[in-house]
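This is a predicted model, so every value here is computed, not measured. The analysis underlying the following values was restricted to heavy atoms, covering all of them including side chains, and did not include hydrogens, waters or symmetry mates.
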Amino acid sequence: MDLLDTLTAKGLRGEVPTREEALAVLATTDDELLDVVAAAGKVRRRWFGRRVKLNYLVNLKSGLCPEDCSYCSQRLGSKAEILKYTWLKPEQAADAARAGVAGGAKRVCLVASGRGPTDRDIDRVTDTMAAIKDADPEVEICVCLGLLSDNQAERLKAAGADAYNHNLNTSENTYGTITKTHTYADRVDTVQKAHGAGLSACSGLIAGMGESDEDLVDVVFALRELGSDSVPVNFLIPFEGTPLAKEWNLTPQRCLRILAMVRFVNPDTEVRIAGGREVHLRSMQPLGLHIANSIFLGDYLTSEGQAGQTDLDMIKDAGFEVEGAGEATLPRHRADVAEAAAAGSCGTAASACGSGGGCGPCGGHSHPEPAPVEEGTDEELRSDLVKVRRRGAGTELAPNA
């Protein structure tokens with residue numbers, strides 16, 4: 001039995017491949033690509049059918065972050081031209097969330113820049129969740145606020161949060177090369193705090209930062225061991241004004257192989273195509289739907305995605321359907337584990353994520369002019385690349401409008 005037959009058989013049984021098998025997926029050739037997608041697609045359909053879960057991002061606070069994450073346009077010292085604003089009012093955030101839900105999103109991801117929330121910030125988010133739940137009690141809410149302190153996850157759970165997003169981003173071995181202001185262990189601790197409070201853990205990675213195949217496999221296995229219920233796969237958006245601005249390392253074929261590896265390691269887990277989907281997968285985005293069962297609808301934290309209607313048309317044209325609000329995302333056996341954890345881990349009753357380090361899309365679709373390209377640069381040579389469009393920068397666009 002060859003590699004793909006082995007991986008398919010394991011995936012259909014819900015078994016995890018070996019590390020060597022995961023590495024072998026990343027080493028497949030372009031000639032084998034459609035076979036890899038087909039094998040991963042069988043596993044995806046076994047656990048998730050042809051459903052696609054839509055997620056919608058509301059950026060509660062943008063820019064001015066004290067952390068130095070090299071990939072992030074909101075980082076300390078970033079020269080990226082992005083929208084910067086302090087906390088949205090609850091009614092503003094609820095209005096933005098309503099637009100996403102109207103487009104078919106069943107989960108709203110509330111994201112705020114910063115190292116981590118203060119107790120006052122938790123109060124702000126609690127008020128925002130109440131405003132969103134008042135408008136639609138059934139909507140899932142995922143919160144992404146950075147590193148959590150003791151008891152903050154429990155407060156979010158009691159206030160109605162369903163999930164908490166905090167990505168590991170890359171392997172423990174290389175984490176220190178992209179961030180100095182906090183550690184890999186800090187991120188693991190926050191995911192464990194969220195899970196321990198009964199929140200569904202949403203944690204993923206960023207590909208394209210110059211990491212090795214071994215790094216990618218390491219972080220995906222680490223996410224599996226942490227019990228992440230949803231794994232966002234971000235593809236680096238190399239923002240001008242950040243240290244990784246020149247890291248154009250990805251091709252559509254490479255992205256599909258990464259997604260397939262993530263699917264084989266997480267056969268029965270929500271795998272989400274997150275930031276960078278439009279920039280790096282480009283015309284091959286529909287093939288990604290055969291592997292992943294979740295995407296963001298619309299824009300990202302500080303960059304534009306494709307129009308929401310284009311996403312919906314793509315899903316329909318590829319033969320998939322939008323997952324309904326009443327449908328369970330996870331397979332029954334995974335949902336049972338999650339419900340048991342929620343019931344047993346939090347002492348209070350309660351009701352239910354990213355590019356850069358967090359979740360993904362939101363708001364309007366303005367089209368600011370792309371930055372000029374200097375002669376002789378790599379960008380000039382790579383004419384096939386889609387230029388990064390900064391969300392709302394240089395326009396009168398209101399936050400999350």
Side-chain angles (χ1 to χ4, degrees), residues 53 55-61 87-88 90 93-94 97 100-101 105-112 114-168 186-204 223 226-232 269-270 272 294 325-326 328-330 334-354 357-360:
K53 181 176 182 177
N55 308 266
Y56 191 76
L57 182 139
V58 177
N59 199 2
L60 298 178
K61 183 166 74 79
W87 291 91
L88 296 183
V101 173
K106 66 181 291 184
R107 171 172 287 190
V108 172
C109 303
L110 302 177
V111 184
R115 178 178 176 85
T118 64
D119 288 341
R120 174 67 183 118
D121 294 337
I122 297 293
D123 290 338
R124 289 188 177 100
V125 175
T126 294
D127 292 342
T128 297
M129 288 193 290
I132 293 172
K133 291 280 190 177
D134 283 346
D136 187 348
E138 300 303 315
V139 68
E140 295 179 12
I141 296 181
C142 180
V143 183
C144 178
L145 307 175
L147 301 172
L148 291 175
S149 300
D150 290 343
N151 300 318
Q152 289 184 330
E154 286 79 4
R155 289 182 61 193
L156 290 170
K157 174 66 177 174
D162 298 289
Y164 195 84
N165 168 261
H166 197 64
N167 295 332
L168 296 187
D186 291 332
R187 287 190 170 264
V188 170
D189 178 67
T190 286
V191 177
Q192 291 174 333
K193 280 186 169 73
H195 225 170
L199 292 167
S200 175
C202 173
S203 188
L223 291 166
L226 273 176
S228 184
D229 294 319
S230 56
V231 179
T269 297
E270 176 187 347
R272 184 183 312 157
S294 179
T329 299
L330 294 177
R334 286 296 305 267
D336 287 342
V337 171
E339 289 170 8
S345 300
C346 184
T348 53
S351 58
C353 279
C359 292

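- Interatomic distance, OG of S200 versus CG of N165, reported as 10.5 Å (0.5 Å rounding).
- At least one side-chain heavy atom of H195 sits under 4.5 Å from a side-chain heavy atom of D229.
- A search for side chain to side chain donor-acceptor pair (under 3.5 Å) contacts involving T118 returns D121, not counting sequence neighbours.
- The shortest non-hydrogen separation linking A201 to G227 is CB-O, 4.3 Å.
- Annotation: side chain to side chain donor-acceptor pair (under 3.5 Å) contacts of K193 (sequence neighbours excluded): D189.
- Closest of all the heavy-atom pairs between S230 and R272 is OG-NH2, 3.7 Å.
- At distances below 3.5 Å, not a single donor-acceptor pair connects side-chain atoms of N55 with backbone N or O atoms of R107.
- When every heavy atom of P117 is checked against every heavy atom of L148, the shortest pair comes out as CG-CD2, 4.1 Å.
- Every residue was checked against the salt bridge (Lys or Arg N to Asp or Glu O under 4.0 Å) condition with D134, not counting sequence neighbours, and none meets it.
- Smallest separation of non-hydrogen atoms from A105 and Y56: CB-CB, 3.7 Å.
- Separating the OH atom in Y164 from the CG atom in L156 is a distance of 7.0 Å, to the nearest 0.5 Å.
- Checked against side chain to side chain donor-acceptor pair (under 3.5 Å), Q152 has no partners two or more places apart in sequence or in another chain.
- One finds the CE atom of M129 at 6.0 Å from the CD1 atom of I141 (value rounded to the nearest 0.5 Å).
- Put simply, CG on L199 and NE2 on H166 are 13.5 Å apart, with the number rounded to the nearest 0.5 Å.
- Here the side chains of K61 and R124 are not in contact, with every heavy-atom distance at 4.5 Å or above.
- Looking at E270 and S294, their side chains do bring a donor and an acceptor atom within 3.5 Å of each other.
- Between T269 and L223, the closest side-chain pair of non-hydrogen atoms is not below 4.5 Å.
- Nearest heavy atoms, A112 versus L145: CB-CD2, 3.8 Å.
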- Steps toward side chain to side chain contact (heavy atoms under 4.5 Å, CB included) verdict (D123, R155): CA-CA 9 Å; D123 290 338; R155 289 182 61 193; 2.5 Å; yes

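- In terms of the side chain to side chain donor-acceptor pair (under 3.5 Å) criterion, S228 has no residue partners (sequence neighbours excluded).
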- Message: What verdict does the side chain to side chain contact (heavy atoms under 4.5 Å, CB included) test give for I132 and L110, after you've listed the backbone C-alpha separation in whole Å, the side-chain angles of each residue and the deciding distance to 0.1 Å?
- Response: CA-CA 11 Å; I132 293 172; L110 302 177; 3.8 Å; yes

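- Residue L57 holds its CG atom at 8.0 Å from SG of C144, rounded to the nearest 0.5 Å.
- Residues satisfying the salt bridge (Lys or Arg N to Asp or Glu O under 4.0 Å) criterion with D127, sequence neighbours excluded, are absent altogether.
- The shortest heavy-atom contact between N59 and L88 is O-CD1, 3.7 Å.
- Between the side chain of R187 and the backbone N or O of N167, at least one donor-acceptor pair lies under 3.5 Å.
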